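Quantities reported herein were computed from a predicted structural model and do not represent experimental measurements.
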Amino acid sequence: MKKAVAAAAAVLAFSVLEAVAQPYPSKPIRMFVGFSAGSATDIVARVVSKGLSERIGQPIVIDNKTGAGGSLAGEAVARAAPDGYTLLTVSSAIAVNPAVYAKLPFDVEKDLTPIVNVGTLPLVLLVNRTLPTGSLREFIQYAKTRPGELHYGSSGKGGSIHLATELLNTVAGIKLVHVPYRGNPQAVTALLGGEVQVLVDTVLLAAPNLKSQKVAALAITGTARSPLAADLQTFAEAGLPGYNAGLFFGVMGPANLPREIVDKLNAEINVVLKSAEAESRLGT
């Protein structure tokens, strides 16, 4: 019996040593996203994962685990083994959630390891074309004369889009009414269908609709125009210099992720972000 146990232990030890000796990565990687397919975070994750997969020679599987402002996906990664095979694409929500939720299932600083900053995407003010406004100034004046009558969509209460639009309410001195949806794509559909009249969204999701006959883009956040919407004025250019907001994105892993894995992923993803495809899709 003792010999059998010793033999089993030896086999296990050998297997562990063999796994450690294998160069990373040697198997598929799972990338969690806390938001629905088609959301800005999801698109960022898929662009990064596609390029990273091509560079490291391993598949990267996207897992959209939605709920609690992305916290369910964060929890799944926080509880995963720190071996580099479970990653998380995050957005600004990861910084906002501690102030929105009374209790989170993980601690961002203690339970996750930052890997790379993907970048910040500016936000675009979109309005349904049923509104008789052709510029930001006209929109603000129109909204001021109709407090509580215009509705705006968001990806959910307490989310980055919700907070960014409430900031617009404050800076512009207007009163738009919040209508939360399950995600960004649903909010975009609501704007196109006229359920809401206003939507502040990332340029990533706004860009495909900029030429639509149903929506009009009035301004974009940031200190400079975006390559994804080069003809669109910034809020400062359009007459509201006091307003600015944006969504940041990044990639994280579980706590105690080995430095060599962090460094490798950081280097490879930064190469991906400089690629022609990433620049054209994300404006990096």
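Proximity of a side-chain donor or acceptor of Asn128 to a complementary backbone N or O of Leu191 within less than 3.5 Å is detected. Remark: side-chain polar atoms of Thr234 are not paired, donor with acceptor, to backbone N or O of Ile220 under 3.5 angstrom. Side chain of Asn266 to main chain of Ile115: a donor-acceptor pair is present (N/O by atom type, distance under 3.5 Å, no hydrogens or angles). Here the side chain of Gln197 pairs no donor or acceptor atom with the backbone of Leu150 at under 3.5 angstrom. Side-chain atoms of Gln186 do not come within 3.5 Å of backbone N or O of Arg182 as any donor-acceptor pair. A distance-only check finds a donor-acceptor pair linking the side chain of Asn244 to the backbone of Gly222 [under 3.5 Å]. Here the side chain of Asn169 pairs a donor or acceptor atom with the backbone of Leu176 at under 3.5 angstrom.
Closest of all the heavy-atom pairs between Ala93 and Ser160 is N-OG, 3.7 Å. Nearest heavy-atom pair, Ala219 versus Leu136, reported as atom, atom and distance to 0.1 Å: CB-CD2, 4.2 Å. Taking both residues in full, the closest heavy atoms of Ser53 and Gln58 are given as OG-O, 2.6 Å, listed atom of the first, atom of the second, then distance. Closest heavy-atom contact between Leu228 and Arg281: CD1-O, 3.9 Å. The shortest non-hydrogen separation linking Asn97 to Ala68 is ND2-O, 3.9 Å. Minimum interatomic distance between Phe35 and Gly69 (heavy atoms only, all atoms of both residues): CZ-O, 3.4 Å.
Within the 4.5 Å cutoff, the side chain of Thr66 has no heavy atoms near those of the Leu72 side chain. Contact check for Val188 versus Leu199: side-chain heavy atoms found under the 4.5 Å cut-off. Looking at Leu232 and Val124, their side chains come closer than 4.5 Å, going by heavy atoms from C-beta outward. In this structure the side chain of Val198 never reaches within 4.5 angstrom of the side chain of Leu126, judged on heavy atoms. Put simply, the side chain of Glu268 reaches to within 4.5 Å of the side chain of Ile56, judged on heavy atoms.
Sorted by first and then second residue, the side-chain hydrogen bond (donor to acceptor under 3.5 Å, both in side chains) pairs with a member in residues 81-96 read Ser26-Tyr85; sequence neighbours excluded. Here ring pair (Phe, Tyr, Trp, His ring centres under 6.0 Å) pairs that include residues 164-202, with residues two or more places apart or in two chains, are Tyr152-His178, His162-His178. Under the ring pair (Phe, Tyr, Trp, His ring centres under 6.0 Å) criterion, no residue pair touches residues 43-66, with sequence neighbours excluded. Among residues at least two apart or in separate chains, side-chain hydrogen bond (donor to acceptor under 3.5 Å, both in side chains) pairs with a member in residues 219-228 are Arg225-Glu237. A side-chain hydrogen bond (donor to acceptor under 3.5 Å, both in side chains) check over residues 31-43, counting only residues at least two apart or in different chains, returns the pairs Asp42-Arg46, Asp42-Asn64.
Leu210 and Leu282 fall within the same hydrophobic cluster, defined by Ile, Leu, Val, Met, Phe, Trp and Tyr side-chain heavy atoms under 4.5 Å apart, directly or through other members. Leu265 and Leu112 sit in two unconnected hydrophobic clusters of ILVMFWY residues. Membership requires side-chain heavy atoms under 4.5 Å apart, directly or through other members. Transitive grouping of hydrophobic side chains (ILVMFWY, heavy atoms separated by less than 4.5 Å) brings Ile43 and Leu87 into a common cluster. If you chain together hydrophobic residues whose side chains sit under 4.5 Å apart, Leu273 and Leu247 fall into the same group. With hydrophobic clusters built from ILVMFWY side chains whose heavy atoms lie under 4.5 angstrom apart, Val272 does not share a cluster with Phe248.
For the atom pair Leu52 CG and Ile269 CD1, the distance stands at 5.0 Å (nearest 0.5 Å). The structure places CD of Glu138 at 10.0 Å from CD of Gln141, a figure rounded to the nearest 0.5 Å. For the atom pair CD of Glu54 and OG of Ser275, the computed distance is 8.5 Å after rounding to the nearest 0.5 Å. One finds the CD1 atom of Ile60 at 4.5 Å from the OG atom of Ser49 (value rounded to the nearest 0.5 Å). Taking CG of Leu204 as the start and CG of Leu123 as the end, the distance is 11.0 Å to the nearest 0.5 Å.
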Test side chain to side chain contact (heavy atoms under 4.5 Å, CB included) applied to Val127 and Val215, step by step: CA-CA 6 Å; Val127 299; Val215 299; over 6 Å; no

Working for side chain to side chain contact (heavy atoms under 4.5 Å, CB included), residues Val33 and Asp63: CA-CA 6 Å; Val33 177; Asp63 190 333; over 6 Å; no

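Shown here are the ring-ring contact (aromatic ring centres under 6.0 Å, His included) partners of Phe235, two or more places apart in sequence or in another chain: Tyr243. Checked against side-chain hydrogen bond (donor to acceptor under 3.5 Å, both in side chains), Tyr24 has no partners two or more places apart in sequence or in another chain. Here Asn117 pairs with nothing under the side-chain contact (heavy atoms from CB on, under 4.5 Å) rule; sequence neighbours left out. Residues satisfying the side-chain contact (heavy atoms from CB on, under 4.5 Å) criterion with Lys175, sequence neighbours excluded, are Pro147. Listed by chain and residue number, Ser135 satisfy the side-chain contact (heavy atoms from CB on, under 4.5 Å) test with Arg137 (two or more places apart in sequence, or in another chain). With sequence neighbours excluded, the residues forming a side-chain contact (heavy atoms from CB on, under 4.5 Å) with Pro105 are Ser71, Glu75, listed by chain and number.
Counting heavy-atom neighbours within 6.0 Å of Arg146 CZ, excluding the residue itself, gives a total above 12. By the neighbour-count criterion of 12 heavy atoms within 6.0 Å, atom CZ of Arg79 is sparsely surrounded, having that number or fewer from other residues, nucleotides or ligands.
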In a table with atom names and distances, give each donor-acceptor pair under 3.5 Å that connects a side chain of residues 251-264 to protein atoms at least two apart or in another chain.
residue, atom, partner, partner atom, Å
Arg259, NH1, Asp263, OD1, 3.2

